[in-house]
Amino acid sequence: MGVSVDSLSPSDAELVAAIADCDRAALRQLYLRHQPWLTARLRHRCSDSDVVAEAVQDTFLAVWRGAGGWSGAGEPTAWIWGTSGTVKTRMMRARIQLRGALA
């Protein structure tokens, strides 16, 4: 029986801890792992792909800057999405800007 590649991958918690130590490879791995679902969730709230891409970028920038502040409690995915100070606020601002541009 072979070893699964997934079993060799670090957990999200391990990646966030590595990001807190300024490990860019860990950020890239976390991004590649979570960017698709985050993008999909944001597209349900905003159809402008540029706004969604910016919100995703801002989210992972916030992960980079705030990884040291993650308490280690709960799932990192909830912490990333909870990135509400970042993701939800950015989406709200983007919708306001979009409304203004379309008016």
Side-chain angles (χ1 to χ4, degrees):
M1 185 175 258
V3 175
S4 167
V5 173
D6 289 338
S7 67
L8 300 177
S9 297
S11 69
D12 288 345
E14 291 169 323
L15 290 173
V16 173
I19 293 166
D21 289 333
C22 299
D23 184 336
R24 291 180 185 207
L27 179 65
R28 178 170 173 70
Q29 190 168 0
L30 192 73
Y31 174 85
L32 292 173
R33 188 178 289 173
H34 293 288
Q35 176 273 332
W37 71 260
L38 183 58
T39 298
R41 287 187 72 178
L42 292 174
R43 282 192 181 140
H44 286 282
R45 295 193 164 113
C46 179
S47 62
D48 186 323
S49 60
D50 290 336
V51 171
V52 169
E54 183 177 340
V56 170
Q57 180 179 351
D58 287 346
T59 298
F60 284 96
L61 179 59
V63 167
W64 177 256
R65 290 179 176 162
W70 182 58
S71 68
E75 288 295 316
T77 51
W79 175 74
I80 291 169
W81 182 253
T83 329
S84 59
T86 301
V87 177
K88 292 177 184 177
T89 299
R90 295 278 184 179
M91 291 301 294
M92 179 187 67
R93 288 180 189 159
R95 277 191 236 118
I96 291 169
Q97 287 177 343
L98 184 60
R99 281 188 205 121
L102 296 175

- Of the non-hydrogen atoms in Arg45 and Arg95, which two are nearest, and what is the gap between them? O-NE, 3.6 Å
- Same cluster (ILVMFWY, side-chain, under 4.5 Å), Val51 and Leu98: no
- Contact summary for Ala20 and Ala67, nearest pair of heavy atoms: N-CB, 3.6 Å
- Query: What's the spacing between Thr59 OG1 and Glu54 CD if we round to 0.5 Å?
  - Reply: 10.5 Å
- With rounding to the nearest 0.5 Å, note down the distance linking CG in Asp23 to CD in Glu14. 12.0 Å
Can you give the donor-acceptor pairs under 3.5 Å from side chains of residues 26-40 to other protein atoms, not counting sequence neighbours?
residue, atom, partner, partner atom, Å
Arg33, NH1, Pro10, O, 3.0
Arg33, NH1, Asp12, OD1, 2.6
Arg33, NH2, Pro10, O, 3.0
His34, ND1, Trp37, NE1, 2.5
His34, NE2, Asp12, OD1, 3.2
His34, NE2, Asp12, OD2, 2.9
Gln35, NE2, Thr39, OG1, 2.8
Trp37, NE1, His34, O, 3.4
Thr39, OG1, Gln35, O, 2.9

